Amino acid sequence: MRVYLTGFMASGKSTVGPEAAARLGQPFLDLDRLITAHAGRSIPTLFAEDGGDRFRELESNLLRRTATTDDLVVALGGGALVDDGNRAFAKDHGLVLYLEAPVDTVLDRVAGDDTRRPLLEDDTGSPLSRAEQRTRIEEMLDTRRPTYEAAHHTLDADRPVEEVVARIVEVVSGQAA
């Protein structure tokens, strides 16, 4: 079964995805990493040089390529399913699981990693303050919530990794039965 993990940035898709895939005996694919490899540039560089529209176009094209593999766990970018076509594709070609994380958890996780996140930067590329990040995250979540909630299942991503992995395996195993 093809499984698509969706959720806001830092919801744990790239962390729990490989472990869930291993437990399910399936390959794991991080769509953002595939985009980076395909473009030969980081996502922030791709955004800066080619713009968000080009990034989303590449994301859509590479998402569609996942249909060539039957059993696969895919971590999607946080905004991948905002596009109606991408959302319909993922729902038609696999099981979409929304990893839901509270704003404070997202803030703590992004503060604790060194990943550049263009959506949490100002126009000069400098990180926003924590208060500004909170506002931006809340606004984006308000916009994206209907997209995320359209997933086949919503899972609490504010749990320890092993618990989230176990829940993913449980849901996928129940769907395959």
Side-chain angles (χ1 to χ4, degrees), residues 3-21 28-37 39-60 62-63 73-84 86-87 90 96-151 153-168:
V3 178
Y4 295 105
L5 302 177
T6 190
F8 199 70
M9 72 176 76
S11 62
K13 303 175 300 285
S14 298
T15 300
V16 300
E19 292 190 38
F28 172 74
L29 174 69
D30 185 309
L31 195 61
D32 281 348
R33 288 190 182 133
L34 182 62
I35 292 166
T36 298
R41 296 174 280 169
S42 70
I43 290 175
T45 301
L46 186 59
F47 261 88
E49 293 177 354
D50 296 352
D53 289 343
R54 174 64 183 132
F55 171 79
R56 295 295 177 204
E57 177 185 329
L58 187 55
E59 182 178 58
S60 293
L62 294 173
L63 171 63
V73 175
V74 181
L76 300 172
L81 298 187
V82 170
D83 177 86
D84 292 338
N86 287 350
R87 187 171 54 258
V96 179
L97 304 179
Y98 167 36
L99 302 183
E100 183 178 36
V103 173
D104 285 328
T105 298
V106 172
L107 282 166
D108 290 345
R109 289 176 181 174
V110 298
D113 73 18
D114 59 358
T115 303
R116 262 198 71 212
R117 300 189 186 269
L119 296 174
L120 297 180
E121 296 175 350
D122 65 19
D123 293 339
T124 69
S126 297
L128 299 172
S129 70
R130 185 170 173 101
E132 292 168 320
Q133 286 182 1
R134 173 182 295 284
T135 299
R136 174 90 43 96
I137 290 168
E138 288 170 345
E139 290 169 353
M140 291 173 66
L141 276 172
D142 285 346
T143 301
R144 292 181 180 180
R145 192 166 282 110
T147 296
Y148 294 145
E149 290 176 349
H153 295 276
T154 297
L155 308 177
D156 182 0
D158 194 29
R159 311 289 312 147
V161 169
E162 185 51 43
E163 287 182 32
V164 179
V165 169
R167 184 70 181 119
I168 290 169

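Side-chain atoms are counted along with the backbone in the values below, which use heavy atoms only and exclude waters and symmetry mates. Computed from a predicted model, the values in this text were never measured in an experiment. Residues take their numbers from the sequence shown, with the count starting at 1.
The structure places CG of Leu63 at 6.0 Å from CG of Leu76, a figure rounded to the nearest 0.5 Å. One distance of note links CD of Glu121 with CD of Glu132; it measures 12.5 Å at 0.5 Å rounding. To the nearest 0.5 angstrom, Ser11 atom OG is 11.5 Å from Asp156 atom CG. Here the CD atom belonging to Glu59 is positioned 4.5 Å from the CD1 atom belonging to Ile35, to the nearest 0.5 angstrom. Taking CZ of Arg136 as the reference point, atom CG of Asp122 lies at 8.5 Å (rounded to 0.5 Å). Summarising the geometry, atom CG belonging to Leu31 is positioned 9.0 Å from atom OH belonging to Tyr4; distances are rounded to the nearest 0.5 Å.
Put simply, the side chain of Asp108 does not reach to within 4.5 Å of the side chain of Thr105, judged on heavy atoms. Proximity of Leu141 to Val106: side-chain heavy atoms (C-beta onward) are nowhere separated by under 4.5 Å. Between Val164 and Thr15, the closest side-chain pair of non-hydrogen atoms is not below 4.5 Å.
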Given the rule in the salt bridge (charged side-chain N to carboxylate O under 4.0 Å, His left out) test, do Arg54 and Glu57 qualify, once you have shown the distances and angles that lead to the verdict? CA-CA 5 Å; Arg54 174 64 183 132; Glu57 177 185 329; 3.4 Å; yes
Determine, step by step, whether Arg41 and Asp50 satisfy the side-chain contact (heavy atoms from CB on, under 4.5 Å) criterion, reporting the C-alpha distance in whole Å, the side-chain angles of both residues, the deciding distance to 0.1 Å, and the verdict.
CA-CA 11 Å; Arg41 296 174 280 169; Asp50 296 352; 2.7 Å; yes
Q.
I'd like to know whether Glu162 forms a side-chain contact (heavy atoms from CB on, under 4.5 Å) with Glu19, so could you lay out the CA-CA distance, the side-chain angles of the two residues, the decisive distance to 0.1 Å, and finally the verdict.
A. CA-CA 8 Å; Glu162 185 51 43; Glu19 292 190 38; 4.0 Å; yes
**Request:** Output, in order, the C-alpha distance, side-chain angles, deciding distance and verdict of side-chain contact (heavy atoms from CB on, under 4.5 Å) for Ile43 and Thr36.
**Result:** CA-CA 6 Å; Ile43 290 175; Thr36 298; 3.7 Å; yes
Checklist line | Verdict with supporting geometry, Leu120 and Met9, side-chain contact (heavy atoms from CB on, under 4.5 Å) | finding: CA-CA 10 Å; Leu120 297 180; Met9 72 176 76; 3.5 Å; yes
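The two residues Ala90 and Leu81 come nearest to each other via the heavy atoms CB-CD2, 3.9 Å. Summarising the geometry of Arg109 relative to Asp158, their closest heavy-atom pair is NH2-CA, 4.4 Å, with the distance given to 0.1 Å. The shortest heavy-atom contact between Ala21 and Phe28 is CB-CB, 3.7 Å. Taking each heavy atom of Arg130 and Ala111 in turn, the nearest pair found is NH1-CB, 4.4 Å. Of all heavy-atom pairs spanning Ile168 and Ala20, the tightest one is CG2-CB, 3.8 Å.
Residues in residues 5-15 take part in no salt bridge (Lys or Arg N to Asp or Glu O under 4.0 Å) pair, two or more places apart or across chains.
Of the possible polar contacts, none joining the Glu163 side chain to the Pro160 backbone as a donor-acceptor pair under 3.5 Å is found. Under the 3.5 Å distance criterion, the side-chain polar atoms of Arg144 are matched with a main-chain donor or acceptor of Gly78. A donor-acceptor contact shorter than 3.5 Å links the side chain of Asn86 to the backbone of Ala80.
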Result block: side-chain N/O donor-acceptor pairs under 3.5 angstrom for residues 96-104, not counting sequence neighbours:
residue : atom : partner : partner atom : Å
Asp104  : OD1  : Arg134  : NH1          : 3.2
Asp104  : OD1  : Arg134  : NH2          : 2.3

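Counting non-hydrogen atoms of neighbouring residues, nucleotides and ligands closer than 6.0 angstrom, the CZ atom of Arg33 reaches no more than 12 such neighbours.
Using a 4.0 Å cut-off between a side-chain N of Lys or Arg and a carboxylate O of Asp or Glu, Asp53 and Arg56 do not qualify as a salt bridge.
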